[in-house]
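See below for the structure under consideration.
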Amino acid sequence: MDSDEHKRVLDPERDTAALKALTHPLRIQLLGLLRQHGPATASELAARTGESSASTSYHLRVLAKYAFIAEAEHRDGRERRWRALHTLTSWSNESMEATEAGRAFVGLARRRQIEHLERSLARYEADLAAGRLGQEWVEPSGITDLMPRLTAASLTELFDTVAGKLEELTARDADDPRAEHVVFVAAGLPLAAPEHGAPEHADREPEEHEAEDRHPADLDPADPDPADPDPADRETAGRDPEDRAVTAHDAEDLNP
């Protein structure tokens with residue numbers, strides 16, 4: 001296992017058991033909650049997730065076994081408190097693609113992130129409608145859906161540019177009372193050209209796939225659209241070009 005202070009890097013050859021442990025949806029959610037909200041007990045996490053304390057306690061011990069979390073300082077001697085050891089989980093796509101277990105894990109992680117985005121959108125809309133978010137969040141929030149033509153090197157550069165800018169802005173806003181948790185999801189999925197004579201996308205309306213709900217002039221590839229939890233949870237810090245991180249929050253779900 002390679003790691004630094006903020007990032008857990010998984011290797012499909014050496015971390016097979018850890019990969020398997022992290023595929024359980026409740027474990028992903030518990031890890032995301034600890035990353036987003038800080039140390040907690042099994043009982044506190046049970047209240048947040050709707051699970052029993054026995055269930056959360058068991059899954060927390062599994063996460064601890066594979067070094068995703070560790071015991072935190074206890075407020076008293078009655079119940080363990082747990083803390084996340086890293087702020088995000090990362091891996092090399094190339095390494096993961098080389099093994100069946102790695103491919104399965106990456107596919108699951110990506111789909112969990114899409115599910116997290118759907119839940120985050122619903123929560124954002126509810127928070128805005130209920131007045132829990134101020135009107136200053138209306139204009140900058142949104143989801144973009146673009147299809148630029150890029151080389152593999154340019155796509156890597158784009159991810160690294162966004163990651164670097166996000167790290168810079170996160171540090172700048174760390175102590176600003178106006179800051180809120182923002183779910184930021186970035187995807188770069190190349191699509192091969194269709195075979196001769198085959199329809200490219202039979203059900204595709206170009207205007208919809210290439211639309212965005214922000215003004216085009218407002219969109220800058222180096223300026224992340226504040227739309228991560230958990231932590232969800234990709235839910236990215238600076239990383240090697242081949243790394244793809246599950247962030248942040250890996251939100252309250254991943255934050256893998």
Side-chain angles (χ1 to χ4, degrees), residues 28-29 31-38 48-50 87-88 109-148 150 155 157-189 201 203-238 244-256:
I28 292 175
Q29 185 179 15
L31 180 57
L33 286 168
L34 291 175
R35 286 175 170 176
Q36 183 173 354
H37 300 294
R48 283 182 174 271
T49 60
T87 56
L88 60 87
R110 289 171 174 169
R111 282 160 180 77
R112 290 288 296 174
Q113 288 163 339
I114 292 171
E115 293 168 4
H116 177 236
L117 176 60
E118 292 177 340
R119 287 193 296 273
S120 297
L121 175 59
R123 177 174 169 180
Y124 162 76
E125 292 172 339
D127 286 345
L128 196 63
R132 291 186 290 268
L133 288 174
Q135 287 299 304
E136 70 273 16
W137 289 102
V138 173
E139 186 62 25
S141 302
I143 300 173
T144 63
D145 185 8
L146 308 176
M147 293 188 69
L150 299 172
L155 181 57
E157 182 180 345
L158 177 59
F159 267 111
D160 289 343
T161 300
V162 171
K165 189 64 177 181
L166 181 58
E167 186 174 15
E168 174 192 329
L169 295 174
T170 299
R172 187 185 73 184
D173 294 348
D175 298 322
D176 193 323
R178 299 170 299 174
E180 300 281 3
H181 278 296
V182 172
V183 175
F184 177 73
V185 179
L189 305 174
H201 291 289
D203 59 349
R204 177 180 182 268
E205 290 292 338
E207 296 81 4
E208 293 177 2
H209 276 254
E210 297 171 7
E212 54 178 301
D213 60 1
R214 298 177 62 189
H215 301 303
D218 293 340
L219 183 64
D220 184 328
D223 181 10
D225 179 356
D228 314 254
D230 36 145
D233 283 274
R234 190 130 156 182
E235 246 179 189
T236 54
R244 291 296 178 264
V246 178
T247 69
H249 322 162
D250 286 336
E252 295 189 359
D253 298 310
L254 299 176
N255 250 129

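Just so it is clear, the structure is predicted and the values come from calculations on it, not from any experiment.
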Item checked: Distance in Å, His37 NE2 paired with Arg48 CZ, rounded so as to fall on 0.5 Å steps -> 4.0 Å
Next item on the list: Kindly give the heavy-atom pair with the smallest separation between Ala179 and Asp173, and that separation in Å.
Entry: CB-O, 3.8 Å
Next item on the list: Enter the distance from Glu180:CD to Asp127:CG here, rounded to the nearest 0.5 Å.
Entry: 9.0 Å
Checklist line | Rounded distance [0.5 Å steps], CD1 in Ile143 versus CG in Leu117 | finding: 5.0 Å
Next item on the list: Assess whether atom CD of Glu157 is packed by more than 12 heavy atoms of other residues, nucleotides or ligands within 6.0 Å.
Entry: no
Note to self: Within a 6.0 Å radius of atom CG on Asp175, are there more than 12 heavy atoms belonging to other residues, nucleotides or ligands?
What the structure shows: no
Next item on the list: Look up atom OG1 in Thr87 and atom CG in Leu34, then write down how far apart they are to the nearest 0.5 Å.
Entry: 13.0 Å
Next item on the list: Could you tell me the separation between the CZ atom of Arg111 and the CD atom of Gln113, rounded to the nearest 0.5 Å?
Entry: 11.0 Å
Checklist line | Residues which pass side-chain contact (heavy atoms from CB on, under 4.5 Å) with Thr170, listed by chain and number, not counting sequence neighbours | finding: Leu166
Next item on the list: For Val138 and Leu133, run side chain to side chain contact (heavy atoms under 4.5 Å, CB included): C-alpha distance rounded to whole Å, both residues' side-chain angles, the deciding distance at 0.1 Å, then the answer.
Entry: CA-CA 9 Å; Val138 173; Leu133 288 174; over 6 Å; no
Margin query: With rounding to the nearest 0.5 angstrom, report the OH to CZ distance, Tyr124 to Arg132.
Written below: 13.0 Å
Check: What closest approach, in Å, do Phe159 and Ala187 show between heavy atoms, and which atom pair accounts for it?
Finding: CZ-C, 4.2 Å
